[in-house]
Amino acid sequence: MATPAQDRKIAAPAVTPDTQAFWEAAKQGTLLLKKCPKCKELHYYPRPHCPFCFHDQTEWVEARGTGVIYTFSVTRRAEIPYAFAYVTLDEGVTMMTNIVDCDLDAIRIGQKVKVVFKPTIDGPPVPMFAPL
Amino acid sequence: MSIKGKAYIAGVYEHPTRKAPDKTVAQLHAEVARGALKDAGLTKDDVDGYFCAGDAPGLGGFSMAEYMGLKLRHIDTTETGGSAYLVHVSHAAQAIATGKCSVALVTLAGRPRSERAGGLLSINFGPAPDAPFELPFAPVTANRYGVSAMRHMYQYRTTSEQLAWVKVAASHHAQYNPNAVLQDVVTVEDVVNSPMISDPLHRLDCCVVSDGGGAVIVVGPEVMKSLKKPRVKIMGAGEFPKHLNGGKMDLTVSGAAWSGPTAFTEAGVKPSDIKYASIYDSFTITVLITLEDLGFCKKGEGGKFVADGNLISGIGKLPFNTDGGGLCNNHPADRGGMTKIIEAVRQLRGEAHPKVQVKNCDLALAHGTGGSLGTRHGSATLIMERE
Ligand SMILES: [Zn+2]
């Protein structure tokens with residue numbers, strides 16, 4: 001038995017001035033993170049203020065785009081089943097996402113994944129992850 | 001400064017309805033307020049403090065205060081989702097202890113069963129800063145708890161059968177509650193064979209969807225002395241908002257790991273002293289993780305702790321949710337905190353159903369989890385004593 005992942009319609013994320021760079025990079029296939037120049041911590045989702053030391057000049061850094069599945073839940077009671085998940089990036093931050101382009105029944109915690117950007121309706125693409 | 005011994009729960013009321021297509025939410029709020037005041041032996045004019053959360057229609061508590069004709073000198077609309085009502089009782093005790101009010105009314109009501117035509121509940125995040133980074137991935141209530149359950153299973157080898165025992169225990173209690181939405185006793189097999197909603201949570205791992213509500217009256221020692229009800233004293237409380245911490249989090253831990261110790265320290269008791277526990281049960285996993293975090297067992301051993309009927313009154317070591325809980329009885333307005341307080345008070349008064357009443361129940365705990373384990377939530381713990 002297999003449940004192949006299917007593309008579903010994704011509503012466009014609301015782009016705000018402080019996250020515009022993130023979505024512009026997404027269009028180029030690049031995943032950006034925010035890093036604090038003061039305490040050196042990375043965080044996600046991106047904010048102008050560091051949620052750890054509250055410094056207000058966080059900087060964009062490029063993520064490698066690879067990581068491992070921290071946890072997931074295949075939502076089966078839905079028009080199109082999908083894998084809601086968290087991925088821990090190589091850089092050490094964990095982000096909410098979907099696992100795509102695979103058999104949903106074969107997804108495992110700890111599996112290595114890489115970012116793939118999926119289109120939204122009239123908006124920038126969003127970062128999802130596919131098994132390596 | 002502590003709220004220990006400074007306030008009492010004088011009145012409680014759980015609306016008997018589970019489906020209310022012909023009533024407004026405001027009307028349900030008024031009905032539960034009347035019920036709790038009658039239970040306490042007080043009237044509307046005695047109320048000088050009012051507490052409500054996001055389920056109350058209108059801006060803050062003003063519309064409801066006007067609708068019910070309350071004359072107030074204190075109002076608190078702290079919103080922590082389904083745990084708000086436990087926070088309200090704690091805040092009411094603080095307000096009473098500092099002289100800001102003397103009779104506090106807390107109400108909850110809603111009609112999700114009448115208003116929602118099936119389907120999974122997707123929370124409207126509004127203009128929250130996290131929304132653009134979450135909504136594209138289709139979070140719904142079931143998968144935002146499913147991710148915590150999956151990680152707990154991975155880290156601690158917790159099984160679906162162990163989770164099922166939580167529902168089995170709730171169903172054993174619900175069979176004696178004529179108002180419960182689900183009154184049939186179920187087995188572990190029934191739970192694990194029910195349809196998968198969002199891995200690893202089956203249909204029977206989820207709470208019910210019900211209309212209705214409830215209310216609580218909190219008073220100070222002087223007012224309590226004038227009333228006839230058994231004296232349920234507030235001993236300690238704790239609250240903790242847990243979130244994703246910039247992407248550095250552990251989804252197997254809930255805010256109970258902080259709200260619990262705060263409440264136990266204030267009350268001066270420990271988990272093994274508790275005779276009865278009302279544990280928020282939006283899903284089976286919510287109970288399992290909460291019991292660990294409150295210290296009823298070690299972290300990671302929740303699966304073993306809940307198995308084999310250990311939560312069934314008269315059989316297990318820790319009787320829980322003897323009204324059938326949110327899993328079987330009632331989850332009004334998709335918020336289970338109010339009914340958690342009410343059943344704990346019934347137990348302390350000796351007013352629970354005789355088949356589930358805990359013997360010599362003099363110390364009880366109620367715990368709420370509002371929001372979701374897999375993203376952000378507000379935990380609230382309340383410890384009460386029969387004086
Ligand atoms: Zn910093």
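Sequence lines set the chain letters: A, B, ... in the order given, protein chains first and strands last, and positions in each chain run from 1. Keep in mind that this is a model prediction, so the values were computed, not measured.
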With a 4.5 angstrom heavy-atom cut-off, which part of [X] approaches chain B: side chain, backbone, both or neither?
| X | answer |
| --- | --- |
| A:Ile109 | both |
| A:Tyr86 | side chain |
| A:Pro81 | neither |
| A:Thr97 | both |
| A:Met95 | neither |
| A:Arg47 | side chain |
| A:Phe72 | both |
| A:Phe52 | side chain |
| A:Thr16 | neither |

Next item on the list: Can you tell which part of B:Leu251 gets under 4.5 Å to a heavy atom of chain A, answering side chain, backbone, both or neither?
Entry: both

Item checked: Per-residue contact mode, B:Met153 against chain A (heavy atom under 4.5 angstrom) -> neither

Notebook entry, point to check: Is a side-chain donor or acceptor of A:Ser73 paired with a backbone partner of B:Asp199 at a separation under 3.5 angstrom?
Noted result: yes

Item checked: Heavy-atom closest contact (B:Pro129 atom, A:Tyr45 atom, distance) -> CG-OH, 3.3 Å

Note to self: Could you report the tightest heavy-atom contact between B:Pro136 and A:Met128, atom names first, then the distance?
What the structure shows: O-CE, 4.0 Å

